[in-house]
Engineer: 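To start, I am sharing the structure in question, which I have written as structure tokens.
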Amino acid sequence: MLKIHNSLSGQKEVFTPIEPGKVSMYVCGMTVYDFCHIGHARVMVVFDMIARYLRNSGLNVSYVRNITDIDDKIIARANENDETISELTERFIVAMNEDSDALRVLSPDNEPKATQHMPQIIEMISTLIDKNHAYVGSNNDVYFDVSSFENYGRLSGKNTDELRAGERVAVQQEKDDPLDFVLWKAAKPDEPSWASPWGEGRPGWHIECSAMSTHCLGNHFDIHGGGQDLQFPHHENEIAQSVCSTGEAFANVWMHNGFVRVDEEKMSKSLGNFFTVREVLQKFQPEVIRFFILSSHYRSPLNYSIDNLEEAKSALNGLYTALRDAPADASGEPLKKYVDEFNACMDDDFNTAKAISLLHELARDLNKKSDKSSKEAAELTVTLRYFGTVLGLLQDEPQKFLQAKSDASTDDLDEVAIQNFIDERVAAKTNKNYEKADQIRDHLASQGISLEDTPQGTIWRRN
RNA sequence: GGCUGAGUGGCAGAGUGGUUAUGCAGCGGUUUGCAAAACCGUGUACCUCGGUUCAAUUCCGGGCUCAGCCUCCA
């Protein structure tokens, strides 16, 4: 029985799909004006893991992750670069897809773009005006009337009086109430714009997600997710817009993943303490990043550091080493005992940290089997690989993973050169010339190559 | 100031009202020409002060500390 922590209630709840056997999930994706950083990677990996597990549980999943391709930052950056917004956004969509592919994130079923949903956005705003939930300001911006929605603040646990009291920014004169937020921004000269009943302009940030989620998944759907920082105001505003325009319930379950931190501080653009995915890929294999992300619970803070990534790498190496020494052609059904335990972990609000501890237990059990061709060894192997598939891990050929070179690795030895050294060393060993054998091993070690002498011969890996 | 969430062994990170997380590192051993890998053994962790209880790291209350949201942010 799957339980999910719902931000609306602050508790784990038994998950019951609106339509039995189906799950509709919308996740707030990227604003494409720069490279993805590790914080973005976390959203992509976490919700990818969730979609994979839901599918694995036999549910028919509709997973939508939007792309914000029009907003203030995009306009500003395009101006800086002296390019059009579509040139800019297309470039970074390509980059985003490269990063997500590297991280073994499967494509969502639908990746709607704001600029391609103007009719739906305009229609929703019109409905909100018709229903007296929105008004046109003196500057021709359209604003949502927060006081018209009774449940405003329910998701974020805020009440409107306190929000007004805590108001920290200069109040815009055009708004009736400081809490009101913009649905449609009138175009300034030389800004990209779309025609609307309120003149040329562009959508506010929140409305696009309301319009696209209901357009893609229907007014009422199962799960809405995103980073914790979107809970307020973005998701609060989405609820207000959607519920007021459709008159129906919006998302049943709200999921928010925790932040990635650097030195106990949130990783963010404005603090400048972010590391891009491609930057980290210079030093670590993509799967190490994915493993690192999944090795803590999705709602916990995740501390980014080289040490922690190194540790993730060591742990992952152990798993791959077990698979390397296991029969490559192992087949059969995963062991029920482990599958039940694994599912129990995942059913408990997607506890991947605990699930991964099972992978280690499996690896140990597998390593203990002296006869790797036994039925038991095959079953353990199949089970370990199966869990890897569900989590999007352990998909590489083990030897390939263990010998893979990261872009920035310093050694310039190719496989042939390494094999030559190994052959030379084997010959020295045969002649009991251990001094020379050790010399060769030390030389390789200084290049980051480790050797293992096994009954089947000498094998190597990169550190 | 308001509202969230968190404080676990050297580090990372789960979890639990009384019994082993797991990983990394360390130490001892088996194995090895020596290593490596693997396996075995090894750690009296649960911020603090009260309360509830036969029993609390786990529940309740106060305190301290940290992070986040309240402004664009995954």
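All values below come from the heavy atoms of this structure, side chains included, with hydrogens, waters and symmetry mates left out. So you know, we letter chains A, B, ... as the sequences are listed, proteins then strands, and number each from 1. The model shown is predicted, which means the values in this text are computed figures rather than measured ones.
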Engineer: ring-ring contact (aromatic ring centres under 6.0 Å, His included): which pairs involve residues 422-458 of chain A, sequence neighbours left out?
Structural biologist: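 For residues 422-458 of chain A: A:F421-A:H443.
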Engineer: What's A:S300 touching, base or sugar-phosphate or nothing? Going by heavy atoms closer than 4.0 Å.
Structural biologist: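 Sugar-phosphate, backbone atoms only, no base.
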Engineer: Could you note down all residue pairs passing ring-ring contact (aromatic ring centres under 6.0 Å, His included) where residues 346-389 of chain A supplies at least one of them, sequence neighbours left out?
Structural biologist: A:F342-A:F387
Engineer: Could you tell me whether A:G10 contacts a base, only the sugar-phosphate backbone, or nothing, with contacts defined as non-hydrogen atoms closer than 4.0 Å?
Structural biologist: nothing
Engineer: Does a side chain donor of either A:Y320 or A:E287 reach within less than 3.5 Å of an acceptor in the other side chain?
Structural biologist: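 Their side chains do contain a donor-acceptor pair, which is all the 3.5 Å distance test asks for.
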Engineer: Identify whether any heavy atom of A:N351 sits under 4.0 Å from a base atom; if not, whether one sits that close to sugar-phosphate; answer base, sugar-phosphate or nothing.
Structural biologist: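 The residue A:N351 makes sugar-phosphate contact but no base contact.
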Engineer: Across the strands shown, which category fits A:G39 at heavy-atom distances under 4.0 angstrom: base, sugar-phosphate, nothing?
Structural biologist: base
Engineer: Looking only at atom C1', what distance separates B:G63 and B:G7, rounded to whole Å?
Structural biologist: 14 Å
Engineer: What integer number of Å spans the C1' atoms of B:G28 and B:A67?
Structural biologist: 41 Å
Engineer: Within less than 4.0 Å of OP1 or OP2 of B:A38, is there a side-chain N or O belonging to A:K369?
Structural biologist: no
Engineer: What nucleotide among B:A67, B:U22, B:A74 has an atom nearest to a side-chain atom of A:M267?
Structural biologist: B:A74
Engineer: Answer yes or no: does a side-chain N or O of A:W460 lie under 4.0 Å from OP1 or OP2 of B:A36?
Structural biologist: no
Engineer: Below 3.5 Å is the cut-off: list the nitrogen or oxygen pairs between protein and nucleotides 2-4 of chain B, distance only.
Structural biologist:
unit_1: B:G2; atom_1: O2'; unit_2: A:E162; atom_2: OE1; d: 2.6
unit_1: B:G2; atom_1: O2'; unit_2: A:E162; atom_2: OE2; d: 3.3
unit_1: B:G2; atom_1: N2; unit_2: A:K158; atom_2: NZ; d: 3.3
unit_1: B:C3; atom_1: O2'; unit_2: A:G157; atom_2: O; d: 3.3

Engineer: OP1, OP2 of B:C39 versus side-chain N and O of A:N367: anything below 4.0 Å?
Structural biologist: yes
Engineer: Can you figure out which of B:C39, B:G13, B:A37 approaches the side chain of A:R324 most closely?
Structural biologist: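 Side chain of A:R324 sits closest to B:A37.
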Engineer: Do the charged groups of A:K429 and A:D453 touch, with an N to O distance under 4.0 Å?
Structural biologist: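 Counted as a salt bridge, because a side-chain N and a carboxylate O are separated by less than 4.0 Å.
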Engineer: Quick one: list whatever passes side-chain hydrogen bond (donor to acceptor under 3.5 Å, both in side chains) with A:D109, sequence neighbours left out.
Structural biologist: A:R55
Engineer: Which atom pairs link the protein and nucleotides 29-33 of chain B when you take only N or O atoms and keep those under 3.5 Å?
Structural biologist:
unit_1: B:G33; atom_1: O6; unit_2: A:R425; atom_2: NH2; d: 3.4
unit_1: B:G33; atom_1: N1; unit_2: A:D438; atom_2: OD1; d: 2.9
unit_1: B:G33; atom_1: N2; unit_2: A:D438; atom_2: OD1; d: 3.4
unit_1: B:G33; atom_1: N2; unit_2: A:D438; atom_2: OD2; d: 2.7

Engineer: Could you work out the separation of B:U22 and B:U42 based on their P atoms and round it to a whole Å?
Structural biologist: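 11 Å, rounded to whole Å.
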Engineer: Have a look at A:L451 and say if it touches a base, only the backbone sugar-phosphate, or nothing, with a 4.0 Å heavy-atom cut-off.
Structural biologist: base
Engineer: Provide the distance between the two C1' atoms, one in B:U30 and one in B:G18, to the nearest whole Å.
Structural biologist: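 The answer is 36 Å between these two C1' atoms.
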Engineer: Restricting to pairs with a member in residues 251-264 of chain A, which pass salt bridge (charged side-chain N to carboxylate O under 4.0 Å, His left out), not counting sequence neighbours?
Structural biologist: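 Output for this query lists A:R261-A:E264.
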Engineer: Reckon A:K432 touches a base, only the sugar-phosphate, or nothing at all at heavy-atom distances under 4.0 Å?
Structural biologist: nothing
Engineer: Counting only Watson-Crick or G-U wobble pairs whose two distances fall under 3.5 Å, which nucleotide matches B:C39?
Structural biologist: B:G29
Engineer: Mind checking the C1' distance from B:U8 to B:U16? Whole angstroms is fine.
Structural biologist: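 B:U8 and B:U16 have their C1' atoms separated by 12 Å.
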Engineer: Below 30° counts as parallel, above 60° as perpendicular, anything between as tilted: where do the rings of A:W254 and A:H235 land?
Structural biologist: tilted
Engineer: Between the side chains of A:D325 and A:K372, is the shortest nitrogen-to-carboxylate-oxygen separation below 4.0 Å, so that they form an ion pair?
Structural biologist: no
Engineer: Given the C1' atoms of B:G9 and B:U20, what is the spacing between them in whole Å?
Structural biologist: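 So the two C1' atoms sit 14 Å from each other.
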Engineer: Between the side-chain atoms of A:E311 and the base atoms of B:G23, is any donor-acceptor pair under 3.5 Å?
Structural biologist: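 Answer is yes: a donor-acceptor pair is held.
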Engineer: Return the set of residues passing side chain to side chain contact (heavy atoms under 4.5 Å, CB included) with A:S373 (not counting sequence neighbours), or none when no residue passes.
Structural biologist: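 With neighbours one apart ignored, the set is A:D371.
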Engineer: Under a 3.5 Å limit for both distances, which nucleotide forms a Watson-Crick or G-U wobble pair with B:U19, could you say?
Structural biologist: none
Engineer: Across the strands shown, which category fits A:V260 at heavy-atom distances under 4.0 angstrom: base, sugar-phosphate, nothing?
Structural biologist: base
Engineer: Near RNA chain B, which residues from residues 375-393 of chain A have a heavy atom under 4.0 Å away?
Structural biologist: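 Within residues 375-393 of chain A, no residue comes under 4.0 Å of RNA chain B.
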Engineer: Using distance only, find each side-chain donor-acceptor pair of residues 361-370 of chain A under 3.5 Å and give its atom names and separation, not counting sequence neighbours.
Structural biologist:
unit_1: A:D365; atom_1: OD2; unit_2: A:Y338; atom_2: OH; d: 2.3
unit_1: A:N367; atom_1: ND2; unit_2: A:A363; atom_2: O; d: 3.3

Engineer: Of all the nucleotides listed (B:U22, B:C70, B:C73), which has the minimum atom distance to the side chain of A:F232?
Structural biologist: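 Looking only at side-chain atoms, A:F232 lies closest to B:C70.
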Engineer: Considering only the C1' atoms, how many Å lie between B:A55 and B:G68, rounded to the nearest integer?
Structural biologist: 36 Å
Engineer: Closer than 4.0 Å, any side-chain N/O of A:H360 to the OP1 or OP2 of B:U22?
Structural biologist: no
Engineer: The side chain of A:K368 is closest to which nucleotide in this list: B:C72, B:C39, B:C24?
Structural biologist: B:C39
Engineer: For B:U57, which nucleotide in any strand shown is its Watson-Crick or wobble partner with both distances under 3.5 Å?
Structural biologist: none
Engineer: Salt bridge (charged side-chain N to carboxylate O under 4.0 Å, His left out): which pairs involve residues 202-213 of chain A, sequence neighbours left out?
Structural biologist: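 As it turns out, the salt bridge (charged side-chain N to carboxylate O under 4.0 Å, His left out) pairs with a partner in residues 202-213 of chain A, which skip direct neighbours, are A:D72-A:R202, A:E191-A:R202.
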Engineer: Please classify the nucleic acid contact of A:K266 as base, sugar-phosphate, or nothing, using heavy-atom distances under 4.0 Å.
Structural biologist: base
Engineer: When the distance from CG of A:N237 to C1' of B:C72 is rounded to whole Å, what number comes out?
Structural biologist: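 To the nearest whole Å, that distance equals 13 Å.
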Engineer: Taking the side chain of A:A315 as its heavy atoms from C-beta onward, which of B:G23, B:C72, B:A67 lies nearest to it?
Structural biologist: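 The closest nucleotide is B:G23.
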Engineer: Taking only residues two or more places apart in sequence or in another chain, which ones pass side chain to side chain contact (heavy atoms under 4.5 Å, CB included) with A:I306?
Structural biologist: A:K283, A:F284, A:Y304, A:E310
Engineer: Please check if atom CD in A:E80 has more than 12 non-hydrogen atoms from other residues, nucleotides or ligands closer than 6.0 Å.
Structural biologist: yes
Engineer: Using atom P in both nucleotides, what's the gap between B:G15 and B:C59 to the nearest angstrom?
Structural biologist: 12 Å
Engineer: Please identify each residue that fulfils side chain to side chain contact (heavy atoms under 4.5 Å, CB included) with A:K73, with sequence neighbours left out.
Structural biologist: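 Counting only residues at least two positions away or on another chain, A:K73 forms a side chain to side chain contact (heavy atoms under 4.5 Å, CB included) with A:Y33, A:D71.
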Engineer: So A:H297, base contact, sugar-phosphate only, or nothing? Heavy-atom distance under 4.0 Å.
Structural biologist: sugar-phosphate
Engineer: Base, sugar-phosphate, or nothing for A:S450, non-hydrogen atoms under 4.0 angstrom?
Structural biologist: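 Nothing: the residue A:S450, judged by heavy atoms under 4.0 Å, touches no strand.
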